Chemist: 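Just dropping this structure here.
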Amino acid sequence: MSATLMRSRVTTDSALLAGIAAGDERALGALYDRYGATVYSLAYAMTGDETTAETVVSDVFAQVWREPRSGPATRVGALSWITSLARVRAKSLRRAESGSVALGVTAPVNGDRDGSRSTVRAAIADLPEDQRRVLELAYLGGMTVGEVARQLNLQEAAARAQLNSAMHFLRAALGSRVATPDRLVATRV
Amino acid sequence: MTHQDLLESAAAYALGALDGPERAEFEAHLAGCTSCKAEVEAYQEVAGLLAHAASAVQPPNGAALRHRILSEAKGVRPISAAPKVQRRSTTPAAWLAAAASLLLAVGAGLAYRAERSRVATLEGEVAEERAQVAVRDSTIAAFLGPEVHVVSLAQPDQKPSARVFWNHTRQVFIVTAFNVPPAPAGKTYQLWALRKGKAPMSMGTFNTDASGRGTAILAVAKDITDAGFIDDCGLTLEPDGGSPQPTESPRLLGGWRHVD
């Protein structure tokens, strides 16, 4: 991937958010085409239900349309923003007794044009088992550190330390993709 | 709590995983701490990338879903397109607050309760995942771009049992061993940057736990940075504290991929 291509993605992501902020429905459609499947996959992983996952996607893009960010307010990448909305929504829609969740799964890699998916999965696969479990519960399970600790019968400080180690490792391993928000646009679905 | 204590909460905060009181305390600190803000933003980017680790599935009615989203949008004007109401998320705290507001914004009309829960349990497939690591390495190396390189360490003709990422931006080696028995008492594992016809350069030492796993983040020494091209990476067992030069042949060896 060339730096030029990555930069052009930056412009495009920002331009889409700006277009949405200006009320351009085509920009919303383009943003959906880019991230809709990722949001759906995340929501499905968190809820295990197709209809609920579709509701999450629909709600998230409604929220993006209703309350878009623009200009310098865009400190983190569009994907980070959208997926954070999706996690909050999926958590609220999910049944409390929802089953187990797992990251770094073995589904076929498709639509992975820039390798984000395989890279992220490889990094997650390298996490120690206990750290990955804590991360899964916090990220896909939407649990707080305290809830994770209770679930796994750990001290809260231990759960926090494991979560911290996991994120620290991923941040280092994913290096160029998280060094600055501007680089993040390497993400493509 | 000290800044250092609070810094430990940055990752959890970025994941929305702090409980109320902790979150309030962290946000109070965050308002005046640029380094914590930067930490949170970096971790938020990591969190965004984690979405890629969810199993890739397509919505069964993707076209209808897209149509519904755009149809509903037609009846609503973005807040930012109206005067005076523009919302700016200038801090991570406000950014997370905006995420939380989704509950209120769309919860009432669109709430739908899942009746089924059939999240696949994939714990057992972790072993299979490991087996695929070797195959995937070539993909990773091809995609990581110019700032991160990777080496898989293995015995000859065996699957890799450790991997090292070289992050040039941060000037660190990230070591992750997943099948390396712990070093005996008084010994440590040491990594070496190897160049053809030149003396090995130490990359640092690490150890693994009883499960054969270990991770370490090692600063890249100047002699390695200055060396330019590095061919290979080797792992030896050395006395505690490491050795200036390896005292045995590498137990594990691998070639750096895509090193400029």
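Letters go in sequence order (proteins before strands), and every chain restarts at 1. Since the model is a prediction, treat every value here as computed from it, not as a measurement.
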Chemist: Looking at every non-hydrogen atom in both residues, tell me the closest pair between B:E45 and A:S80 and how far apart they are.
Modeler: OE1-OG, 2.9 Å
Chemist: Locate the shortest heavy-atom distance separating A:M167 from B:A47; write the atom from each residue and the value.
Modeler: CE-N, 4.2 Å
Chemist: Are the side chain of A:S41 and the backbone N or O of B:V57 linked by a donor-acceptor pair below 3.5 Å?
Modeler: yes
Chemist: Taking the side chain from A:Y139 and the backbone from B:A51, do they hold a donor-acceptor pair closer than 3.5 Å?
Modeler: yes
Chemist: Check whether any side-chain N or O of B:Q44 sits under 3.5 Å from a backbone N or O of A:W81 as a donor-acceptor pair, and report yes or no.
Modeler: no
Chemist: State, yes or no, whether a side-chain contact exists between A:L79 and B:H52 at a heavy-atom distance under 4.5 Å.
Modeler: yes
Chemist: Check each atom of B:I174 against the heavy atoms of chain A and say whether the ones under 4.5 Å are side chain, backbone, both or neither.
Modeler: side chain
Chemist: Just how far is it from atom CG of A:L140 to atom CG of B:L50, taken to the nearest 0.5 Å?
Modeler: 8.5 Å
Chemist: Would you check if B:L49 and A:L170 make a side-chain contact, meaning some heavy-atom pair closer than 4.5 Å?
Modeler: no
Chemist: Are B:R68 and A:S58 side-chain neighbours, meaning at least one heavy-atom pair lies under 4.5 Å?
Modeler: yes
Chemist: Looking at A:V39, A:V56, A:V145, which has the largest count of heavy-atom pairs under 4.5 Å with chain B?
Modeler: A:V145
Chemist: Within the structure provided, determine whether A:D126 and B:F165 are in side-chain contact (heavy-atom separation under 4.5 Å).
Modeler: yes
Chemist: In the structure I gave you, are the side-chain heavy atoms of A:E54 and B:P60 within less than 4.5 Å of one another anywhere?
Modeler: yes
Chemist: With rounding to the nearest 0.5 Å, note down the distance linking CZ in A:F169 to OG1 in B:T176.
Modeler: 4.5 Å
Chemist: Does a side-chain heavy-atom distance below 4.5 Å link A:H168 with B:Y43?
Modeler: yes
Chemist: Test side chain to side chain contact (heavy atoms under 4.5 Å, CB included) on B:L18 and A:T144; report intermediate values, then the result.
Modeler: CA-CA 5 Å; B:L18 289 184; A:T144 64; over 6 Å; no
Chemist: What part of A:Q131 is in contact with chain B, defined as an atom under 4.5 angstrom from a non-hydrogen atom: side chain, backbone, both or neither?
Modeler: neither
Chemist: Salt bridge between A:R171 and B:E39, side-chain N to carboxylate O under 4.0 Å?
Modeler: yes
Chemist: Which region of B:D209, side chain (C-beta onward) or backbone (N, CA, C, O), has a non-hydrogen atom less than 4.5 Å from a non-hydrogen atom of chain A, or is it both or neither?
Modeler: neither
Chemist: Is any side-chain heavy atom of A:Y32 closer than 4.5 Å to a side-chain heavy atom of B:L65?
Modeler: yes
Chemist: Would B:E8 and A:R160 pass as an ion pair if we require N to O under 4.0 Å?
Modeler: no
Chemist: Could you walk me through whether A:E156 and B:D19 pass the side chain to side chain contact (heavy atoms under 4.5 Å, CB included) test, one step at a time?
Modeler: CA-CA 11 Å; A:E156 197 165 318; B:D19 290 306; 4.3 Å; yes
Chemist: Can you tell me how far apart CG (A:D130) and OG (B:S211) are? Round to the nearest 0.5 Å.
Modeler: 8.0 Å
Chemist: I need the minimum non-hydrogen distance between B:A54 and A:R121, along with the two atoms involved.
Modeler: O-NH2, 3.0 Å
Chemist: Check each atom of A:R87 against the heavy atoms of chain B and say whether the ones under 4.5 Å are side chain, backbone, both or neither.
Modeler: side chain
Chemist: Which atom names give the shortest non-hydrogen contact between B:L15 and A:A138, and what distance separates them?
Modeler: CD1-CB, 4.5 Å
Chemist: Could you measure the distance from the CD atom of B:Q58 to the OH atom of A:Y44? Nearest 0.5 Å is fine.
Modeler: 13.0 Å
Chemist: With a 4.5 angstrom heavy-atom cut-off, could you sort out which part of A:T83 is near chain B: side chain, backbone, both or neither?
Modeler: side chain
